[in-house]
Amino acid sequence: MADWSRIEALPKERLEALFAADEGRLARLSLDVAGIHFDWSKTHLTGDAIAAFEALAKEADLAGRREAMFGGKNINTTEDRPVEHTAERGEGKTESVQRAGMQHARMRAVIDAIEAEAFGPVRSILHVGIGGSALGPHLLVDALGRESDRYDVAIVSNVDGMALQDVFDRFDPATTLLVVASKTFTTTETMMNADSVIAWMQDAGVEDPYGRVIALTAAPDKAVEWGVDETRVLGFGEGVGGRYSLWSAIGFPAAVKLGWDQFEELLEGAAEMDRHFRLSALHENAPALAAFADLYYTQVRRCETRAPFAYDERLRLLPSYLQQLEMESNGKGVTIDGQPVGRPTAPITWGGVGTDAQHAVFQLLHQGTHLVPVEFLAVIEAGDALDPEHHRQLLLNAFAQGAALMKGKQADDPARSYPGDRPSSTLLLDRLDARTLGALIAFYEHRVFVSGVLLGINSFDQFGVELGKEMAKAAAKGGGDFDPSTTDLIARAGLA
Ligand code: F6P
């Protein structure tokens, strides 16, 4: 078990004192990688803290684990699988990179067929999937697809019929393609939504609705059994985890919406971050430094949450994407050997969009009793064509909030005092394009990996989601051994 005592014993100085004591602080704690400027100088990381984390990383064999991941070893031991999302962007075991390349070629061929009207005129793509089979593609389409008029893409995840109904109201079944995205091809919500889309097409008189389905899955046999012709089943490897899968066939709706060249740019941006993560020393390694700050706040300051705020509408879905990535990966209670971890694991990720959040939740950040490490994301180049004053205000607000959290303000009236010394990091993107977004998402993936290794946990399984699913399935069949409260709720809703 790794020794955290050196980290726990680090002096707890105020941020402003850290700046005053070290002229080189900003340079030491900021980095530029792949079009992203990272600034951790307003966190409590110091040279000593980084050295202590580097020692911990050595003890935890971070370098060995990283090579094992890129080398395609079965590091997801509880499921006896490799972790191969990096192979999707060309960084990994040779055979896996080659297989991903072939799968991407098939994806591209299907997109070419759609563009060539092999399915007749296609106006809209209705993608059904949930969790990792929806959040990633949705983020990509929302962040990068605003100016593309190529196709209308809707991503539906919830089993709540309202979600699908909204799309049925605006799409024409005759010019819609159904994309069914499910790694396992067994997920209840996705299969129920897929069946309902087929019924919608049938009711509208669409001939051969199954001929208008594209399946994205690591279980091709199940997709064929459900009714999709194998020529329209786009596969990916078992080693690509759901929440790490947007680089694979699961990214199909984004590739359709943005065009293949943009999808390749996304992969290349991610590959650039992969190489940075793999080859840089830890004290100048963006994912590692971010993970060190995360761990400092959870382990030393016992922060229970962390909050990314996107000061850019195009990144409004990033916080929900990160919730799955971070909480499903590192929200664990046992080590990779099955022992209790004995310390906090993933913080709760929450967040929102600036400047809206300033008028809603920032009160707590400035004066509340919880210490919340904040992460500001902003983009130098504006995405809109309005008066540049909009973007100027947006960015200045992001930077001013970070400054205010750190500086605080004393006043005679306690209600008007700000304690200050509240940490934030800033990620400033040159521009929001496919390449930079690819690098940004890969940065978050590797940051999660570093935290997982230092905590000694397996970031790549998710057994915690199974029990609730099993119980819902039992209830749907009219069974299940439920407590009095749940039994009463089922009866009250008329579901018994
Ligand atoms: O329930 C959690 C989960 O297994 C996620 O890990 C996954 O991204 C999601 O469900 C969807 O799974 P699938 O892609 O197999 O439908």
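Order of appearance sets the numbers: ligands from 1, and atoms from 1 within every ligand.
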Main-chain N/O of Ser280 paired to Asn285 side chain as donor or acceptor, under 3.5 Å: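 Checked: pair present.
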
Donor-acceptor contact below 3.5 Å, side chain Arg66 vs main chain Phe277: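 Pair found, side chain donor or acceptor close to backbone of Phe277.
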
Charged N to carboxylate O below 4.0 Å: is that the case for [X] and [Y]?
{"X": "Asp312", "Y": "Arg316", "value": "no"}
{"X": "Arg435", "Y": "Glu272", "value": "yes"}
{"X": "Arg99", "Y": "Glu84", "value": "yes"}

Sub-6.0 Å ring centroid separation between Trp350 and Phe309: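 Yes; Phe309 has its ring centre under 6.0 Å from that of Trp350.
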
Centroid-centroid under 6.0 Å between Phe38 and Phe443 rings: yes

Counting only nitrogen or oxygen atoms and a 3.5 angstrom limit, does [X] reach ligand 1?
{"X": "Gln462", "answer": "no"}
{"X": "Gly132", "answer": "yes"}
{"X": "Thr190", "answer": "no"}

Heavy atom of the protein closest to atom 11 (C) of ligand 1 (residue, atom name, distance):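 Going atom by atom, the protein heavy atom closest to atom 11 (C) of ligand 1 ends up being Ile130 O, 3.2 Å.
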
Residue, atom name and distance, where the atom is the protein heavy atom closest to atom 5 (C) of ligand 1: Glu328 OE1, 3.4 Å

Within-shell test, Glu466 vs ligand 1, heavy atom, strictly < 4.0 Å: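 Judged by the 4.0 Å heavy-atom criterion, Glu466 does not count as contacting ligand 1.
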
Atom indices of ligand 1 within 4.0 angstrom of Lys469 heavy atoms, with elements: 1 (O), 2 (C), 4 (O)

Under 4.0 Å to a heavy atom of Thr187 - the qualifying atoms of ligand 1, by number: 12 (O), 13 (P), 15 (O), 16 (O)

Val465, portion touching ligand 1 at heavy-atom distance under 4.0 Å: side chain

